[in-house]
Amino acid sequence: MYNFDKIYNRKASKCFKYDAMEIMYGRDDLLALWVADMDFATAPEIIEDIKQRIDHPIFGYNFKGFDYFTNFINYVEQRHNWSIKSEWLQMSPGIVPAINFLIKLLTNEGDKVVIQQPVYAPFSEAVRNHNRELLINELVETDGYYTMDYEDLDKKLANAKVMIFCSPHNPIGRVWKEEELLKLGRLCKKHNVILISDEIHNDLIYKGNKHVPISMLEDFSDFTITAMAPSKTFNIAGLQSSVLIVPNEELLKRVKKYFFDIHVYGSNSIGNVAFNSAYTKGQPWLEELLVYLEANADYLVERINNITKLKMLKPEGTFLAWVDFRQTGLNDEEIKELCVNKAGLALNQGITFGNNGTGFMRLNFGCPKSILIEAMDRLEEALKGV
């Protein structure tokens with residue numbers, strides 16, 4: 001029903017992925033497989049609702065209404081079996097801004113915050129940019145598969161006030177199992193650490209895996225702030241609409257007062273429409289998207305593991321591949337040079353996700369398969385003789 005094979009020219013649409021490419025890579029003619037948005041048109045049902053809103057020519061201050069969160073609550077109940085209440089929710093223009101706000105609210109300068117690298121770079125930036133101390137609990141990698149080091153995490157949390165957690169995980173594509181989440185949550189409880197759980201990729205899960213919101217386990221809702229959004233799921237990141245779920249009453253009061261005091265009330269008029277439209281009308285599109293994305297993932301696994309000196313495990317979720325270049329013997333800058341100037345590909349360097357990301361590249365496969373085929377042909381040719 002939906003056409004994910006169609007190629008759209010996104011250049012000159014003021015999107016970072018294409019229009020900032022020359023600034024970031026020195027060239028604007030690369031295949032763009034870096035920034036984590038997809039090259040698919042969002043669900044036409046969402047677009048139609050946006051068009052109807054645009055037909056009204058006034059874009060004043062927004063009033064969401066008392067039933068604004070009803071559709072989101074129903075969606076989460078249906079998809080993740082998590083019963084949440086509207087009074088737990090706080091809108092934000094995005095999850096990255098929300099994480100920064102929460103670090104400023106929940107910690108003081110010099111306080112320690114735990115993250116698990118390799119991980120999305122804005123996590124570390126949110127800590128360092130506000131003069132907090134970063135504690136890194138490195139994920140343990142075995143042949144490309146990552147697990148948590150609970151012994152080290154126990155030690156790090158003993159000295160921390162907050163932990164920022166990524167679930168599902170960007171860039172490694174892990175969908176954490178319930179037993180892993182239980183160990184993590186119990187350690188946070190043991191050390192009285194507030195857990196910020198970034199679950200932006202929660203709907204992008206492949207067969208055999210299941211996303212479990214950590215806040216719904218045991219009594220973890222007492223100290224967990226969960227961040228969700230339709231942005232990755234429905235490819236509407238530019239509309240800047242996300243939500244925080246804060247079940248703890250006292251913690252919620254602090255969050256709401258902070259957001260009110262800094263005049264952050266949520267998204268814009270169009271973002272509000274898209275938020276509700278996505279959660280009421282977007283699921284048929286999403287189901288077809290997941291089939292397409294998993295086929296892309298399967299294709300990548302087959303191609304990359306047949307290219308000499310490259311390795312990749314299939315991600316359990318997200319539309320991001322974590323490609324291992326370590327057997328090439330190249331350093332990070334040489335890997336970047338090979339990808340950019342020999343293969344003509346814009347990928348994210350693994351080192352930007354943490355020191356233990358060295359030797360890896362992150363590849364966004366949220367694009368038409370024909371683009372992936374061309375990218376793999378280019379990469380295979382570029383690696384000849386390496």
Side-chain angles (χ1 to χ4, degrees), residues 1-8 17 31-46 75-76 78-81 120 143-146 166-178 180 199-213 228-237 278-279 282-307 310-324 345 347-348 360-377 379:
M1 179 178 176
Y2 303 103
N3 184 6
F4 297 104
D5 289 317
K6 184 174 179 178
I7 296 175
Y8 293 88
K17 187 175 186 179
L31 292 183
L33 304 173
W34 60 308
V35 175
D37 63 25
M38 297 183 286
D39 287 332
F40 306 128
T42 191
E45 295 86 353
I46 298 174
Y75 178 92
V76 173
Q78 176 187 346
R79 199 156 193 97
H80 301 299
N81 198 32
Y120 186 48
D143 295 327
Y145 188 79
Y146 288 80
C166 197
S167 176
H169 196 283
N170 170 12
I172 65 173
R174 277 298 318 276
V175 175
W176 303 111
K177 295 178 172 60
E178 184 169 328
E180 294 174 300
E199 302 186 12
I200 196 169
H201 288 99
N202 67 89
D203 296 317
L204 302 173
I205 309 297
Y206 302 129
K207 293 173 187 173
N209 301 284
K210 178 184 178 182
H211 175 71
V212 179
M228 289 184 173
S231 52
K232 303 296 184 187
T233 303
F234 299 100
N235 205 33
I236 52 174
Y279 289 125
Q283 289 204 58
W285 179 89
L286 173 58
E287 295 307 326
E288 290 194 23
L289 170 73
L290 288 172
V291 172
Y292 194 94
L293 285 177
E294 186 159 14
N296 274 359
D298 290 335
Y299 170 77
L300 272 182
V301 169
E302 181 180 1
R303 279 298 302 269
I304 285 177
N305 288 314
N306 279 309
I307 296 176
L310 294 191
K311 291 170 60 180
M312 172 194 162
L313 285 185
K314 181 180 175 180
E316 297 168 341
T318 80
F319 48 81
L320 305 168
W322 190 235
V323 185
D324 186 350
L345 306 179
L347 308 180
N348 293 100
F360 288 84
M361 297 292 274
R362 191 189 75 173
L363 185 155
N364 175 351
F365 58 87
C367 62
K369 186 178 180 181
S370 60
I371 300 296
L372 282 187
I373 293 172
E374 182 178 351
M376 291 303 99
D377 289 345
L379 187 57

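All values reported here derive from a predicted model rather than from experimental measurement. When a residue number appears, it is its place in the shown sequence, counting from 1.
Judged by distance alone, with hydrogens and angles left aside, the side-chain atoms of Trp176 form no donor-acceptor pair with the main-chain N or O of His169 at under 3.5 Å. When atom types are taken as modelled, the side chain of Lys311 and the backbone of Gly144 share no donor-acceptor pair closer than 3.5 angstrom. The main-chain N or O of Val35 is found under 3.5 Å from a side-chain atom of Asn364 such that the two form a donor-acceptor pair. Formation of a donor-acceptor pair under 3.5 Å by the Thr42 side chain with backbone atoms of Phe234 is found in this model. Distance alone, capped at 3.5 Å, places no donor-acceptor pair between the Asp39 side chain and the Ile7 backbone. Distance alone, capped at 3.5 Å, places no donor-acceptor pair between the Lys210 side chain and the Glu178 backbone. The main-chain N or O of Phe365 is found under 3.5 Å from a side-chain atom of Asn296 such that the two form a donor-acceptor pair. In this structure a side-chain-to-backbone donor-acceptor pair under 3.5 Å is present from Asn209 to Lys207. The backbone N or O of Thr318 sits less than 3.5 Å from a side-chain atom of Tyr206, completing a donor-acceptor pair.
Between Phe4 and Trp285, a ring centre-to-centre spacing shorter than 6.0 Å is recorded. No close placement of the Tyr2 and Phe40 rings is indicated, their centers lying 6.0 Å or farther apart.
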side-chain contact (heavy atoms from CB on, under 4.5 Å) between Gln283 and Arg79: does it pass, once the steps are laid out? CA-CA 10 Å; Gln283 289 204 58; Arg79 199 156 193 97; 2.9 Å; yes
Determine whether Leu363 and Met376 satisfy the following criterion, side-chain contact (heavy atoms from CB on, under 4.5 Å), listing intermediate values before the conclusion. CA-CA 11 Å; Leu363 185 155; Met376 291 303 99; 3.8 Å; yes
Set out, in order, the CA-CA distance, both residues' side-chain angles and the distance that settles side-chain contact (heavy atoms from CB on, under 4.5 Å) for Met38 and Leu289, then state yes or no. CA-CA 11 Å; Met38 297 183 286; Leu289 170 73; 3.8 Å; yes
Apply side-chain contact (heavy atoms from CB on, under 4.5 Å) to Leu379 and Leu310, showing your working. CA-CA 10 Å; Leu379 187 57; Leu310 294 191; 3.7 Å; yes
Side-chain donor-acceptor contacts of residues 366-374 below 3.5 Å, not counting sequence neighbours, with atom names and distances?
unit_1: Glu374; atom_1: OE2; unit_2: Arg378; atom_2: NE; d: 3.2
unit_1: Glu374; atom_1: OE2; unit_2: Arg378; atom_2: NH2; d: 2.7

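Taking CG of Leu313 as the start and CG of Asp324 as the end, the distance is 9.0 Å to the nearest 0.5 Å. To the nearest 0.5 Å, atoms CD (Glu294) and CD1 (Ile205) are separated by 11.0 Å. Rounding to the nearest 0.5 Å gives a distance of 10.0 Å between CG of Asn305 and CG of Leu300. Interatomic distance, OH of Tyr145 versus CD1 of Ile172, reported as 8.5 Å (0.5 Å rounding). Rounding to the nearest 0.5 Å gives a distance of 4.5 Å between CG of Leu204 and OG1 of Thr233. Rounding to the nearest 0.5 angstrom, the gap separating the CH2 atom in Trp34 from the CG atom in Leu320 is 14.0 Å.
Annotation: side chain of Met1 is not in contact with side chain of Glu287 (no heavy-atom distance under 4.5 Å).
Taking both residues in full, the closest heavy atoms of Glu199 and Pro213 are given as OE1-CA, 3.4 Å, listed atom of the first, atom of the second, then distance. The heavy-atom pair separating Ala32 from Lys17 by the smallest distance is O-CE, 3.3 Å. The nearest pair of heavy atoms linking Val76 to Met228 is CG2-SD, 4.3 Å. Contact between Pro230 and Ile236 at its shortest, heavy atoms only, is O-CG1, 3.6 Å. Ile200 and Ser231 make their closest contact through CD1-OG, 3.3 Å (heavy atoms, listed as atom of the first residue, atom of the second, distance). In terms of heavy-atom proximity, Ser167 sits nearest to His211 at O-CE1, 3.4 Å.
Within a 6.0 Å radius of NZ in Lys6, no more than 12 heavy atoms belonging to other residues, nucleotides or ligands are found. Within 6.0 Å of CD on Glu302 lie no more than 12 heavy atoms contributed by other residues, nucleotides or ligands.
Between His80 and Asp203, the side chains place a donor N or O and an acceptor N or O closer than 3.5 Å (distance only, hydrogens not considered). One side chain, Arg362 or Asn170, offers a donor N or O that lies under 3.5 Å from an acceptor on the other.
Here Asp377 pairs with Arg303 under the salt bridge (Lys or Arg N to Asp or Glu O under 4.0 Å) rule; sequence neighbours left out.
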